Amino acid sequence: MATIMHGRRKGSARGTPDMSSMQLKDGTDLQQVMVLTKTDWERIQTQLHRKEIEEEKIRKMREDRENLKNRSKEVVQNWGNTIAGTRNRKLEARKLREQKEEEERKLLDIEEAKYQAQQRKEAIDKAKTLQYYQTDRVKQFHGALMLTEVLKEREAQLELKKLQARANEGKDKEYMALAQREYEEAIQQDQMRAMERLAAAKEAEDFQKAQIREHMKAQKQEQLEDIKEGEELKKLALQFQLEKERLEKIAHDEKKQLLDDNRKQIIERSTLKQMQNQQEEEEDEECRIFAAAKRKMMRLRAEKEKYIHEEKQKHLERIHGKLAAQMKQAVDDEDERIRAAVEEAEAKRAQEEAEKEAKMRKIIQDENEHRSKQIKESEKKKKEERRSELETIRIRQAADEIFRRNEEEKQVRRKDEAQSLAKFHLDQASLREQKEQEDRQRALALDAANTQLLEIEEEQFQEYAQKVIQHCEKGGRNVYPLKKAAQSGAGGGKGPQFHGKGGIRPSYMVTDQSGKQMPHYQKESTKAVKANNDDVPSKKRLGFVW
């Protein structure tokens, strides 16, 4: 079998003139095809897939070893003379032993459970018995049983008293004589004790008189000491009063001096305050009238300067007239100095006026600048406030729109909630009605069960009471209280027995302030009427006939 491979044969001719005759229908060029034998093809395949073949061989060897190992284990595991076999036998024996012990423990647990159940049953029966004995009706019956025992004991005591009276009929005289002797001896002993008490009283009287004399003497001594102490206290009080008056006078003088100082300080402070206020008012007045009175001040100042100059000239002329002869040279020098001083004073005054005027102009300029700045800031603030108001109005409009949409959504939600709530209320009403019906059914079932339970309790009580009454009759007791307490009908009342309510016997109270129970007796005439007339609806008491 040959295998065809595509490829170029070595030594093949190229460039044949007829190319179409060397191609197959599928377009395969026969000049590019190589024919291989089967051996070569298998050798090539083995060389290509050598790694996979080796892995498959290793896997088969591993599987063979695992199978051989498993077969060996299966053969060896049943051998009994090996360590594993011995261990398996021991484990099997241990398992059997544990199973046997578990079965024994289960039997013990079952017996223990039976014993505990019996103990619980006995405890429950005892508790039920004690609880039954604690019911009002059984306690009342036991009280009647105690009354029966008390009556029996009372009869026995009366019999014993009669026997004692018959046995003590001859001993009354001896008892009288013995009582007379004991009475006389008691009188003698009382007289002796009275004499002893008199002697003791006399002795106590003497002792008390001596104590009184000592107390009077001590009292007189204390009075003298009190008088002496009182005089000393008067002296000390007088000294204290004088010292107190002196200190009060000093304190009064100090307070007066302090008051005068405070008044002076207040007057000085008020004067200083007035001066400050006046100075402030003057400064304010100067500031107010400075601009308006500037020209007038300049004019007055010029007139004043002229007047001062004229006065100085007159004064100088007078001086010159008096000292013309001997101090002509000195007067000339003095005139020069006066002229220089006047010029210097005028220059200084002019400089001060210029500085004041410059300062005032600066103050006025600062005020104008501040006023213009305040006006600009006020306008800017108004613009900001207007813009803020417009922004606030826009925000409020948007908030109102949102609030309107929210209110519409709330109304829709309220409507949905109201509908769901109405549906919920209807469901609740139906559920409540169903629950009330179920409660009524349960109450009826509970009443029936209670009625049945009361009947069973009545049967048990009557059985127990009859046994006790028979035992007491055999013992010779008065069983009237027991029969009275054991009458049919639970409840402890004196009314008629309700057969439809389990045979209970209720109590009927009067409607006045006394709150007493109504009587339960019935006249014989009523019984005769019921027995002799056939038209009476019932031979029993109806509950309101007394």
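Computed over heavy atoms, backbone and side chain alike; hydrogens, waters and symmetry mates excluded. All of these numbers come straight from a predicted model, not from anything done at the bench.
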Problem set entry | Among K60, R65, R59, salt bridge (charged side-chain N to carboxylate O under 4.0 Å, His left out) partner for E63 | R59
Exercise. Will you find, in the side chains of Y115 and Q119, an N or O donor that is under 3.5 Å from an N or O acceptor?
Worked result: yes
Problem set entry | With R386 via salt bridge (charged side-chain N to carboxylate O under 4.0 Å, His left out) - residues at least two apart | E389
Exercise. Nearest 0.5 Å, what's the CG-CD distance between L236 and E243?
Worked result: 12.5 Å
Exercise. For residues 181-195, which residue pairs qualify under salt bridge (Lys or Arg N to Asp or Glu O under 4.0 Å), counting only residues two or more places apart or in two chains?
Worked result: D190-R193
Exercise. Less than 4.5 Å apart, any side-chain heavy atom of I44 and any of Q47?
Worked result: no
Problem set entry | Test salt bridge (Lys or Arg N to Asp or Glu O under 4.0 Å) applied to E205 and K209, step by step | CA-CA 6 Å; E205 183 181 358; K209 287 180 180 179; 3.5 Å; yes
Exercise. Does E225 have any salt bridge (charged side-chain N to carboxylate O under 4.0 Å, His left out) partners at least two apart in sequence or in another chain, and if so, which?
Worked result: none
Exercise. Is a salt bridge present between E391 and R387, judged by a nitrogen-to-oxygen distance below 4.0 Å?
Worked result: no
For this session: Could you grab the distance from atom NZ of K228 to atom CD of E231, nearest 0.5 Å is fine?
Result: 9.5 Å
Problem set entry | Side-chain donor or acceptor of S388 paired with backbone N/O of E384 under 3.5 Å | no
Problem set entry | Within 6.0 angstrom of H471 NE2, more than 12 heavy atoms from elsewhere | no
Exercise. Between atom CG of L421 and atom CG of L426, what is the distance when rounded to the nearest 0.5 Å?
Worked result: 9.5 Å
For this session: Apply salt bridge (Lys or Arg N to Asp or Glu O under 4.0 Å) to R43 and D40, showing your working.
Result: CA-CA 5 Å; R43 180 176 56 79; D40 294 336; 3.7 Å; yes
For this session: Please state whether the rings of Y133 and Y464 are parallel, tilted or perpendicular, taking 30° and 60° as the class boundaries.
Result: tilted
For this session: Please say whether more than 12 non-hydrogen atoms of neighbouring residues, nucleotides or ligands are located less than 6.0 Å from CD in E56.
Result: yes
Exercise. Below 4.5 Å, heavy atoms only, C-beta onward: do Q411 and K415 meet side chain to side chain?
Worked result: no
For this session: Please report the shortest heavy-atom distance between Q134 and K139, naming the atom on each side.
Result: O-CD, 3.1 Å
Seminar exercise, completed: Residues at least two apart in sequence or cross-chain that pass side-chain hydrogen bond (donor to acceptor under 3.5 Å, both in side chains) with E98, listed by chain then number, are R94
For this session: Begin with the C-alpha distance, continue with both residues' side-chain angles, and end with the deciding distance and a verdict on salt bridge (Lys or Arg N to Asp or Glu O under 4.0 Å) for R405 and E401.
Result: CA-CA 6 Å; R405 290 199 297 270; E401 182 65 23; 3.6 Å; yes
For this session: Check whether more than 12 heavy atoms from other residues, nucleotides or ligands sit under 6.0 Å from atom CZ of R404, and answer yes or no.
Result: yes
Problem set entry | S420 side chain to E417 backbone, donor-acceptor under 3.5 Å | yes
Seminar exercise, completed: Taking every heavy atom of A144 against every heavy atom of L482, the minimum-distance pair comes out as C-CD2, 3.6 Å
Exercise. At what distance, to the nearest 0.5 angstrom, does CD of Q437 lie from CG of D439?
Worked result: 10.0 Å
Exercise. How far apart are the C-alpha atoms of K382 and S378, what are their side-chain angles, what is the distance that settles it, and do they pass the side-chain contact (heavy atoms from CB on, under 4.5 Å) test?
Worked result: CA-CA 6 Å; K382 287 181 180 179; S378 178; 3.8 Å; yes
Exercise. Regarding E112 and Q116, is there a side-chain donor-to-acceptor distance under 3.5 Å anywhere?
Worked result: yes
For this session: Mind running side-chain contact (heavy atoms from CB on, under 4.5 Å) on R394 and L390 for me, showing each step along the way?
Result: CA-CA 6 Å; R394 187 181 63 78; L390 294 175; over 6 Å; no
Problem set entry | R105/E102 ion pair, N-O < 4.0 Å | yes
For this session: Quick one: list whatever passes side-chain hydrogen bond (donor to acceptor under 3.5 Å, both in side chains) with Q466, sequence neighbours left out.
Result: none
Problem set entry | Short N-O contact, D416 and R413, less than 4.0 angstrom | no
Problem set entry | Pairing of E122 and K126 as salt bridge, 4.0 angstrom limit | no
For this session: Evaluate whether atom CD of E203 has more than 12 neighbouring non-hydrogen atoms of other residues, nucleotides or ligands under 6.0 angstrom away.
Result: no
Problem set entry | CZ-CD distance between R477 and E155, expressed to the nearest 0.5 angstrom | 10.0 Å
Problem set entry | From K161 atom NZ to R154 atom CZ, the distance as rounded to the nearest 0.5 Å | 10.0 Å
For this session: Kindly state each residue pair satisfying salt bridge (Lys or Arg N to Asp or Glu O under 4.0 Å) with at least one member in residues 211-221, sequence neighbours excluded.
Result: none
Problem set entry | side-chain contact (heavy atoms from CB on, under 4.5 Å) evaluation trace for Y480 with L151 | CA-CA 11 Å; Y480 177 77; L151 292 174; over 6 Å; no
Problem set entry | Criterion side-chain contact (heavy atoms from CB on, under 4.5 Å) on I456 and Q460, from CA distance to verdict | CA-CA 6 Å; I456 295 171; Q460 293 177 354; 3.7 Å; yes
